[in-house]
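Please read the structure below before turning to the comments.
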Amino acid sequence: MNYLPGTASLIQEIDKKLLVVLRDGRTLIGYLRSIDQFANLVLQYTIERIHVGKKYGDIPRGIFMVRGENVVLLGEVDVENEDKKELTEVSVDEILEAQREEQLAKQEEEKARNKALLERGLQPHVDTVTEEFL
């Protein structure tokens, strides 16, 4: 078996197109150019892809340095099947507005949930991890 342990296994992914999901929920797509022993990544021609429902928008980011501890998921993009997506591409402004509306709707749901819990005498759970990134 040709397996490299730890971050050394990422050497095989250099110069390939990768999708990276970060701890704060962002999705990046770019070409892996460099890694180090801490799994820090350098991506070139990077875009940030935002999904809302069946729509998506790409924001060009250029060269992007990602600290290894912020990577949740990393995978190679299948370039041959990349265009066969069932999503609709929209403008950056449109996807950012849709994302903002989605976030506001989630906040309203959370407020209603917390109010219902308080009415029943229960203390709502506060997610401190998510609040760090808002």
Side-chain angles (χ1 to χ4, degrees):
M1 183 185 273
N2 236 355
Y3 176 74
L4 296 169
T7 58
S9 63
L10 290 175
I11 291 172
Q12 300 168 353
E13 304 303 320
I14 289 188
D15 294 332
K16 292 184 181 174
K17 192 172 190 178
L18 299 181
L19 178 136
V20 181
V21 177
L22 302 180
R23 200 167 62 173
D24 64 1
R26 289 185 290 170
T27 301
L28 304 174
I29 299 173
Y31 290 89
L32 182 65
R33 295 300 184 206
S34 182
I35 60 166
D36 65 9
Q37 70 270 26
F38 304 109
N40 296 323
L41 311 173
V42 175
L43 299 172
Q44 188 177 21
Y45 308 119
T46 307
I47 58 166
E48 180 179 347
R49 181 159 288 173
I50 299 173
H51 296 90
V52 178
K54 292 282 187 180
K55 298 178 184 177
Y56 76 94
D58 292 339
I59 303 172
R61 297 294 188 196
I63 294 179
F64 211 90
M65 168 77 181
V66 180
R67 191 174 170 123
E69 66 182 18
N70 292 319
V71 175
V72 173
L73 181 123
L74 179 107
E76 185 177 352
V77 174
D78 185 359
V79 182
E80 293 176 9
N81 293 323
E82 186 177 13
D83 295 330
K84 300 176 185 174
K85 45 191 168 236
E86 299 175 5
L87 302 173
T88 306
E89 184 172 8
V90 296
S91 70
V92 173
D93 292 335
E94 190 176 337
I95 199 67
L96 289 174
E97 179 64 26
Q99 183 184 43
R100 189 180 69 75
E101 290 172 3
E102 183 182 61
Q103 288 172 344
L104 290 173
K106 283 182 183 179
Q107 288 175 354
E108 291 300 319
E109 286 177 18
E110 186 69 20
K111 284 180 187 178
R113 181 182 161 280
N114 289 344
K115 182 179 177 184
L117 286 172
L118 287 171
E119 288 172 354
R120 291 175 175 85
L122 299 171
Q123 187 65 31
H125 173 71
V126 178
D127 188 1
T128 57
V129 175
T130 306
E131 289 181 353
E132 287 179 12
F133 299 108
L134 296 179

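Atoms considered below: every heavy atom in the structure, side chains included; atoms not considered: hydrogens, waters and symmetry mates.
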Checklist entry - Are Ile11 and Leu32 co-members of a hydrophobic cluster defined by side-chain heavy atoms under 4.5 Å apart? => result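 Same hydrophobic cluster.
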Item to check | Single-linkage hydrophobic cluster, 4.5 Å side-chain cutoff, Val42 and Leu28 together | outcome: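 No, separate clusters.
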Sequence neighbours excluded and cut-off under 3.5 Å, please list the side-chain donor-acceptor pairs for residues 91-98, or say none.
from	atom 1	to	atom 2	distance (Å)
Ser91	OG	Glu94	N	3.2
Glu97	OE2	Arg100	NH2	3.0

Next on the checklist: Minimum heavy-atom separation for Glu13 and Leu18, please, with both atom names.
Outcome noted: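 Result for this residue pair: OE1-CD2, 3.8 Å.
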Exercise answer: donor-acceptor pairs, residues 53-74 side-chain atoms, under 3.5 Å, sequence neighbours excluded:
from	atom 1	to	atom 2	distance (Å)
Tyr56	OH	Lys85	NZ	3.3
Tyr56	OH	Glu89	OE1	3.4
Asp58	OD1	Arg49	NE	2.7
Asp58	OD1	Arg49	NH2	3.4
Asp58	OD2	Arg49	NH2	2.9
Arg61	NE	Glu48	OE1	3.0
Arg61	NH2	Glu48	OE1	2.7
Arg67	NE	Glu69	OE2	3.2
Asn70	OD1	Arg23	NH2	3.4

At what distance, to the nearest 0.5 angstrom, does [atom1] of [X] lie from [atom2] of [Y]?
X	Y	atom1	atom2	answer
Lys17	Asp78	NZ	CG	11.0 Å
Ile14	Gln12	CD1	CD	10.5 Å
Leu10	Gln37	CG	CD	12.5 Å
Glu101	Gln103	CD	CD	11.0 Å
Lys115	Glu119	NZ	CD	5.5 Å
Asn114	Glu109	CG	CD	12.0 Å

Checklist entry - Between Arg33 and Leu43, is any pair of side-chain heavy atoms under 4.5 Å apart? => result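 Arg33 does not reach Leu43 side chain to side chain.
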